[in-house]
Q: 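Sharing a structure below in structure tokens format, with a few things to ask.
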Amino acid sequence: MSIRTERNGTHLTATIHYPETKNAVNFEWMDQIEAILDDLESDAKTRLFILTGSEGSFISGGDLREFHQIKRADEAREMTERMLHILNRIRGLPFWTLAAINGDTYGGGWEIAASFDFRIARSDVNIGFTQGKFYLPPGWGGIASLRQLVPWKTALFWLATQRILPAQEALKSGFVNQVLAPAEYQTGLKKITESLTMNDRTFIEYLKSSASFSGFEQETDPFTRFWESAEHQQRVEAFLNRKKR
């Protein structure tokens, strides 16, 4: 059991490798993610954090064999509050986060994916909103996340019917941002990674903060600062010079 990390320049990829449980979440999973977040939160160079799975699965949900040992509400609260804190830390990272859904995911798996800035999926995967099969609603912030991503009546129907959603339908609904065919998945992921890491942390942090803007005028000062930056001037010069050749 492990979550393997690989750094490539300004992005870090964490690959969940729990083949015996199809990458289910358990307490060891939480320990390892927390350690990764400790490193990411103190890193000034990272521009992108990618979470993905191995062995044909993204995250199969919570580890029922381990979590079923929890019987009391206070114990369940401790577990879910810890997971909520982990996902809030992911939401608060000052750089892009991407859930690369390269295999089927169920229950808590989609809740984790929903806490990332962006989600891509292979076209052959399914996303299961299946907590209701176990007489449970989402408990890791999934309801609040869904309300931000898709129309509420759509989300409610998924939860009420324990819907298992094909990737293309997840794309049409707005739950995922892009779907890639299996043969194009690695190439497509590489292109997305290159695009997301093209700009520095200053630029990324500004775009992430813009979600809280309440008026058009809030864009003016940042725009002018980026306009006079050396990076903007150099890129425009390079573009114009290329056009001349």
Side-chain angles (χ1 to χ4, degrees), residues 2-18 23 29 32-59 86-87 89-105 109-127 145 148-149 167-168 170-172 174-211 226 229 231-232 234-235 238-239 242:
S2 66
I3 300 179
R4 303 167 178 172
T5 59
E6 179 182 359
R7 178 168 289 282
N8 189 338
T10 56
H11 77 271
L12 180 83
T13 300
T15 303
I16 307 161
H17 185 67
Y18 289 58
N23 299 332
W29 192 104
Q32 294 192 41
I33 285 289
E34 286 170 335
I36 291 169
L37 289 171
D38 287 343
D39 291 338
L40 287 173
E41 288 168 344
S42 62
D43 188 305
K45 296 181 180 179
T46 300
R47 299 181 182 182
L48 172 65
F49 170 47
I50 301 173
L51 183 70
T52 193
S54 68
E55 306 292 333
S57 181
F58 178 63
I59 299 170
I86 288 170
L87 299 185
R89 289 176 71 183
I90 291 171
R91 290 185 184 95
L93 289 171
F95 43 82
W96 299 128
T97 60
L98 174 68
I101 306 172
N102 59 329
D104 291 347
T105 189
W110 69 258
E111 294 191 74
I112 292 167
S115 70
F116 281 67
D117 293 320
F118 310 114
R119 285 153 296 286
I120 67 165
R122 279 179 31 150
S123 60
D124 58 348
V125 309
N126 294 302
I127 301 169
S145 294
Q148 295 176 352
L149 296 172
Q168 288 293 347
L171 175 66
K172 290 177 183 177
F175 183 78
V176 301
N177 303 99
Q178 189 169 342
V179 167
L180 301 168
E184 303 166 356
Y185 177 78
Q186 291 299 335
T187 301
L189 177 58
K190 182 179 179 182
K191 289 180 179 178
I192 293 167
T193 298
E194 290 171 351
S195 295
L196 289 175
T197 57
M198 178 180 181
N199 291 314
D200 62 19
R201 284 276 290 271
T202 300
F203 189 87
I204 294 169
E205 290 182 50
Y206 168 69
L207 286 185
K208 291 190 73 161
S209 71
S210 66
F226 281 107
S229 69
E231 185 66 26
H232 167 70
Q234 289 166 6
R235 290 193 190 185
F239 178 80
R242 185 190 66 176

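In what follows, every heavy atom counts, from backbone to side chain, and hydrogens, waters and symmetry copies are set aside.
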Q: Evaluate the side-chain proximity of Ile86 to Arg89: yes if any heavy-atom separation is below 4.5 Å, no if none is.
A: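 Arg89 does not reach Ile86 side chain to side chain.
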Q: Around atom CZ of Arg4, are there more than 12 heavy atoms of other residues, nucleotides or ligands at under 6.0 Å?
A: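 Atom CZ in Arg4 is not packed in, count stays at 12 or less.
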Q: If I take atom CD1 from residue Ile3 and atom CD1 from residue Ile33, how far apart are they, to the nearest 0.5 angstrom?
A: 4.0 Å
Q: Tell me whether the rings of Tyr206 and Phe226 are parallel (<30°), tilted (30 to 60°) or perpendicular (>60°).
A: tilted
Q: State whether the side chain of Ser54 and the backbone N or O of Ile16 hold a donor-acceptor pair below 3.5 Å, judged by distance alone.
A: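 Checking the backbone N and O of Ile16 against the side chain of Ser54, a donor-acceptor pair under 3.5 Å is found.
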Q: Ignoring hydrogens, what is the shortest heavy-atom contact between Ala14 and Ile36? Give both atom names and the distance.
A: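 Reported closest heavy-atom pair: CB-CD1, 4.2 Å.
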Q: Checking Ser57 side chain against Gly103 main chain: does a donor-acceptor pair fall under 3.5 Å?
A: no
Q: How many angstroms lie between atom CZ of Arg119 and atom CG of Leu149, to the nearest 0.5 angstrom?
A: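 Reported value, rounded in 0.5 Å steps: 4.5 Å.
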Q: Would you confirm whether Ser115, through its side chain, and Ile112, through its main-chain N or O, come within 3.5 Å as a donor-acceptor pair?
A: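 Between the backbone of Ile112 and the side chain of Ser115 there is a qualifying donor-acceptor contact (under 3.5 Å).
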Q: Is Arg7 salt-bridged to Asp39, going by a charged N under 4.0 Å from an acidic O?
A: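 No, no charged N to carboxylate O under 4.0 Å.
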Q: If you look at every heavy atom in Phe58 and Ala113, which pair is closest and at what distance?
A: CE2-CB, 4.0 Å
Q: Can you see which heavy atom on Arg122 is nearest to which on Asn102, and at what distance?
A: CD-O, 3.6 Å
Q: Could you tell me whether a side-chain N or O of Asp200 sits under 3.5 Å from a main-chain N or O of Phe203, the two making a donor and an acceptor?
A: yes
Q: Taking all heavy atoms of Ala100 and all of Tyr185, pick out the closest pair and write down the distance.
A: CB-OH, 3.2 Å
Q: Taking the side chain as C-beta and beyond, is there a heavy-atom pair between Thr15 and Glu6 under 4.5 Å?
A: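 Heavy-atom side-chain distance check fails, nothing below 4.5 Å.
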Q: Tell me, with the steps shown, if Asn199 and Arg235 meet side chain to side chain contact (heavy atoms under 4.5 Å, CB included).
A: CA-CA 11 Å; Asn199 291 314; Arg235 290 193 190 185; 2.7 Å; yes
Q: Counting only N and O atoms by type, is there a donor-acceptor contact under 3.5 Å from the side chain of Asp104 to the main-chain atoms of Val125?
A: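 Checking the backbone N and O of Val125 against the side chain of Asp104, no donor-acceptor pair under 3.5 Å is found.
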Q: Just so I know, are the side chains of Thr13 and Asn8 near enough to count as touching, which here means a heavy-atom distance under 4.5 Å?
A: no
Q: I'd like to know if the side chain of Arg201 and the backbone of Pro94 have a donor-acceptor N/O pair within less than 3.5 Å.
A: yes
Q: Within a strict 4.5 Å, meaning less than it, do heavy atoms of the Asn177 and Leu98 side chains meet?
A: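 Answer no - side chains too far apart.
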Q: Evaluate the criterion side chain to side chain donor-acceptor pair (under 3.5 Å) for residue pair Ser145 and Arg91; output intermediate values, then yes/no.
A: CA-CA 11 Å; Ser145 294; Arg91 290 185 184 95; 3.1 Å; yes
Q: Hey, can you tell me if Trp96 and Phe118 have their rings parallel, tilted or perpendicular (30° and 60° cut-offs)?
A: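 Geometry flag for Phe118 against Trp96: tilted rings.
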Q: Rounded to the nearest 0.5 Å, how far apart are CG of Leu196 and CG of Asp117?
A: 9.0 Å
Q: I need the Ile192 CD1 to Ile120 CD1 distance, nearest 0.5 Å.
A: 4.0 Å
Q: Going through the distances and angles, do Ile127 and Val176 end up as a side chain to side chain contact (heavy atoms under 4.5 Å, CB included)?
A: CA-CA 10 Å; Ile127 301 169; Val176 301; 4.0 Å; yes
Q: Checking Thr105 side chain against Ile59 main chain: does a donor-acceptor pair fall under 3.5 Å?
A: yes
Q: When you look at Phe95 and Asp43, which way does the side chain to side chain contact (heavy atoms under 4.5 Å, CB included) test go after all the steps?
A: CA-CA 10 Å; Phe95 43 82; Asp43 188 305; 6.0 Å; no
Q: I need the Ile101 CD1 to Leu51 CG distance, nearest 0.5 Å.
A: 9.5 Å
Q: Give a yes or no on whether the backbone of Leu93 and the side-chain of Lys208 come within a donor-acceptor separation of less than 3.5 Å.
A: yes
Q: Measure the spacing between CE of Met198 and OG1 of Thr10 and express it to the nearest 0.5 Å.
A: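 That separation rounds to 12.0 Å.
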